[in-house]
Amino acid sequence: MAKNAEIARALKELALLVEIEGKEKYAARAYKRAVRSITSLGEDIEAVANREELESIPGIGKGISKKIRRYLETGSIPLLERLRARIPVKVMVLDSIPGVGPKTIALLYHELGVTDLDSLEKAARDGKIALLKGMGKKTETQIIEGIDLVRSGLDRTLLADAMSVVETIRQKIQNVDGVNQVVIAGSYRRRRETVGDLDFLVDADDPELVMEAFSTLDNVQDVLVKGPTKTAVRLKSSLQMDLRVIPTESFGAGLQYFTGSVDHNVRLRGIARSMGLKLNEYGLYRDEELVAGEREEDIYESLGLAWITPELRENHGEIDAVKNGTLPHLVKLDDIRGDLHSHTDQSDGSNTIEEMLDAAAEREHEYFCVSDHTQSLTIANGMDEERLLERIEEIDTLNTSGKWDMMILKGAEVDILADGTLDITDDVLAQLDVVTVSVHSRMKDSKKVMTERVCTALENKHVHLLGHPTGRLIGKRAEFEIDLEPVFEVAKKNQVAMELNANPYRLDLNPGNLRAAINMDLKIAINTDAHKVSELDYMKFGIFQARRGWITKSDVLNTMALKDLQKWLKK
DNA sequence: GCCGTTTTCGGCCCGACTGTTTTCAGTCG
């Protein structure tokens, strides 16, 4: 579905440019709506176009469907090209700076000639932005910080986005004549939150055939490097992909070498040297003799180590742990028995409760918690107590209906207010099975205020989970200022579990925080926070992140059998 | 630019928050 992302991106840029021109704000709004629709389509838009059903997609009518067809035929949209020529500004990147939107971009362009990150940074550092009407010193500082944030995430792609394109490409390469195996190594294989480029390793009889197939893939924008065993391309989505062809007898060594991390590999090579061996991408050698190379496991075993799962290869103690036999048995997707955080169309979800339950049942969950937003989050149509009580009754009825072979748990994602109190009374909270509390407002509170605020919320005896504890959105919004150590202590005292939010933009807590949490014997709940049926599959990203945080099955709340979970929830 | 249908034209989600102002524009979700 690579075209979905490309088209969504083109329409988003179109929306921004139209908004910057300031003439047709409702057209811009329509483009944005189409972007959301395409992003959540769940089907290849090209297939929809081929069936001539583009206009059946919500938010897509005659005008936008024509633009989409034009893009599919020619790779561009005429109106977009005209606007780009008229407003030569890198609007997508400028818009990604927190606090900067179309109006600000227009102002900066017209008054200061700002067209990209560099010219924006210069204007900000020269103090010119604060002098503009409606701007000030704080805005200028915020922009400078925002530039750093954008720069730090600019050259990396979200793992989930990479994953959505990578399997199709892997299959295409796998189908080339004489290809024995294809593995994507690097940070992708280590399941980092974001990936820089993708490293394809191929064991093939005829390298040239593979190179040719790789460099002529559909979405290739540029071929950066093309040699006998290595090709590098940049896709239209700006994702860079490297391909290396490696002989069969060295494939395991190549895999080990190109999976990294660099620091992990440095340790391994040190161990090899101390044993009078030499390790490189072609194998493990004693003088000229190949000791190991074909299988990755053999490399580790020959170094006196057990094989280490890629998620742990960060040189964060995994090598010592495997030496001592203390490497944990990490949690697996199969271990998960349910999901404790999901939304429906009662708040800001897209699907009905029945649709969500059907989908959860398909995933063979033993229990499933419906936890819509509460009243303070008005924009998400959060529930007041009256609606929440109706929801509780509704779930009781659904549970007795026998329609789902699964316990439906009554929950809510309750807003933590400015003073740390909750926006639902204790009487109502007491009637819920699972109470998750989250921060959705005042995210710029000082560390002291935010920490106290969250700790206060966790002191409420009805609270079971702290949702997305740091509030970050990868590449979009930094974590809010919060001191997690006291939060963990209060959570421990009150038997509150930490959420590992599996949304690929959140993955919150991060691996370091997860390790800190389990070191204090806190439970972790790996939750999808699904806002629609398809997002229930986010669980796998939560599992990747959990494994990177050294989390075992027994650390995880939702690996428990229902009865044990219910006992835990009763505190 | 899309959409519904007591509307094929006229409205389009909307309230909180921030930083800038001194009543509000812009951004966010």
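Each chain gets a letter, A, B and so on, in the order its sequence line appears, and its residues count up from 1.
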**Q** Specify the residue among A/Pro102 and A/Tyr31 whose closest nucleotide of DNA chain B lies further upstream toward the 5′ end.
**A**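 Closer to the 5' end of DNA chain B: A/Tyr31.
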**Q** Without decimals, in angstroms, what is the distance between A/Tyr505 OH and B/dG29 C1'?
**A**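 Going from OH in A/Tyr505 over to C1' in B/dG29 covers 15 Å.
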**Q** Heavy atoms only, 4.0 Å cut-off, all strands: where does A/Lys444 land among base, sugar-phosphate and nothing?
**A**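 No contact.
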**Q** Please check if any side-chain donor atom of A/Ser119 sits under 3.5 Å from a side-chain acceptor atom of A/Asp116, or the reverse.
**A**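 Side chains of A/Ser119 and A/Asp116: pair found under 3.5 Å.
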**Q** Between B/dG29 atom P and A/Glu413 atom CD, what is the distance in whole Å?
**A**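 Spelled out: CD on A/Glu413 to P on B/dG29 is 14 Å.
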**Q** Between atom CG in A/Leu16 and atom P in B/dT27, what is the gap in whole Å?
**A**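 In whole Å, B/dT27 P and A/Leu16 CG are 10 Å from each other.
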**Q** Output yes when a side-chain donor or acceptor of A/Arg192 lies under 3.5 Å from a complementary backbone atom of A/Leu159, and no otherwise.
**A**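 No, because the side chain of A/Arg192 does not come within donor-acceptor range (under 3.5 Å) of the backbone of A/Leu159.
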**Q** How far, in whole Å, is B/dT7 from B/dC17 if one measures between their P atoms?
**A**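 Pairwise P distance, B/dC17 against B/dT7, rounds to 38 Å.
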**Q** Taking B/dC28 as the reference, what is the distance to B/dC13 when you measure between their C1' atoms (whole Å, please)?
**A**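 That atom pair is separated by 13 Å.
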**Q** Ring stacking, A/Tyr26 with base of B/dC2, under 5.5 Å and under 30°?
**A**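 No; centroid distance or tilt outside limits.
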**Q** If I take atom CE in residue A/Met135 and atom P in nucleotide B/dA25, what distance separates them, rounded to the nearest angstrom?
**A**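 About 13 Å, once rounded to whole Å.
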**Q** How about A/Asp529 and A/Asn501: does a side-chain donor come under 3.5 Å of a side-chain acceptor?
**A**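 A/Asn501 and A/Asp529 do have a side-chain donor-acceptor pair below 3.5 Å.
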**Q** Between C1' on B/dT20 and CG on A/Leu131, what's the gap in Å once rounded to a whole number?
**A**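 Distance check: A/Leu131 CG to B/dT20 C1' gives 14 Å.
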**Q** Short question: side chain of A/Glu355, backbone of A/Thr352 - any donor-acceptor pair under 3.5 Å?
**A**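 Yes; judged by distance alone, with no hydrogens or angles, the pair exists.
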**Q** Nearest-Å distance, CG (A/Asn381) to P (B/dA16)?
**A**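 For the pair A/Asn381 CG and B/dA16 P, the rounded distance is 14 Å.
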**Q** When the C1' atoms of B/dT21 and B/dG26 are considered, how many whole Å apart are they?
**A**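 Each nucleotide's C1' atom is 13 Å from the other's.
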**Q** Select from A/Lys103 and A/Leu132 the residue whose nearest nucleotide in DNA chain B is closer to the 5' end of that strand.
**A**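 First, find each residue's nearest nucleotide; the 5'-ward one identifies A/Leu132.
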**Q** Between A/Glu499 and A/Thr436, do the side chains contain a donor N or O and an acceptor N or O under 3.5 Å apart?
**A**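 On atom types as modelled, these side chains do not qualify, holding no pair under 3.5 Å.
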**Q** Where the side chain of A/Thr104 is defined as all heavy atoms beyond and including C-beta, which of B/dG29, B/dT27, B/dG1 is the nearest nucleotide?
**A**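 Within the option list, the nearest is B/dT27.
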**Q** Specify the separation, in whole Å, of atom CG of A/Asp415 and atom C1' of B/dG15.
**A**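 Going from CG in A/Asp415 over to C1' in B/dG15 covers 13 Å.
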**Q** Considering only the P atoms, how many Å lie between B/dT6 and B/dC2, rounded to the nearest integer?
**A**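 That atom pair is separated by 23 Å.
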**Q** Using a cut-off of strictly less than 4.0 Å, decide whether A/Lys67 has a side-chain nitrogen or oxygen near OP1 or OP2 of B/dG1.
**A**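 Answer is yes, contact under 4.0 Å.
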**Q** For the side chain of A/Lys138, starting at C-beta, report the closest nucleotide among B/dT20, B/dC2, B/dA16.
**A**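 That would be B/dT20.
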**Q** A/Lys137 near the nucleic acid: base, sugar-phosphate alone, or nothing, with a heavy-atom cut-off under 4.0 Å?
**A**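 Touches sugar-phosphate only.
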**Q** For B/dC13, does OP1 or OP2 lie under 4.0 Å from any side-chain N or O of A/Arg29?
**A**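 Yes, because at least one side-chain N or O of A/Arg29 sits under 4.0 Å from OP1 or OP2 of B/dC13.
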**Q** Using OP1 and OP2 only, check whether a side-chain N or O of A/Thr139 sits under 4.0 Å from B/dT18.
**A**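 For B/dT18, neither OP1 nor OP2 has a side-chain N or O of A/Thr139 closer than 4.0 Å.
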**Q** Tell me if the CD atom of A/Glu52 is crowded by more than 12 foreign heavy atoms within 6.0 Å.
**A**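 Result for CD/A/Glu52: open.
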**Q** Please state how far atom CZ in A/Arg442 lies from atom P in B/dG19, giving the value in whole angstrom units.
**A**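 To the nearest whole Å, that distance equals 11 Å.
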**Q** Determine the interatomic distance between C1' on B/dT20 and the same-named atom on B/dT27; round to the nearest Å.
**A**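 That atom pair is separated by 13 Å.
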**Q** For B/dG11 and B/dA16, measure between their C1' atoms and round to the nearest Å.
**A**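 Approximately 24 Å lies between the C1' atom of B/dG11 and that of B/dA16.
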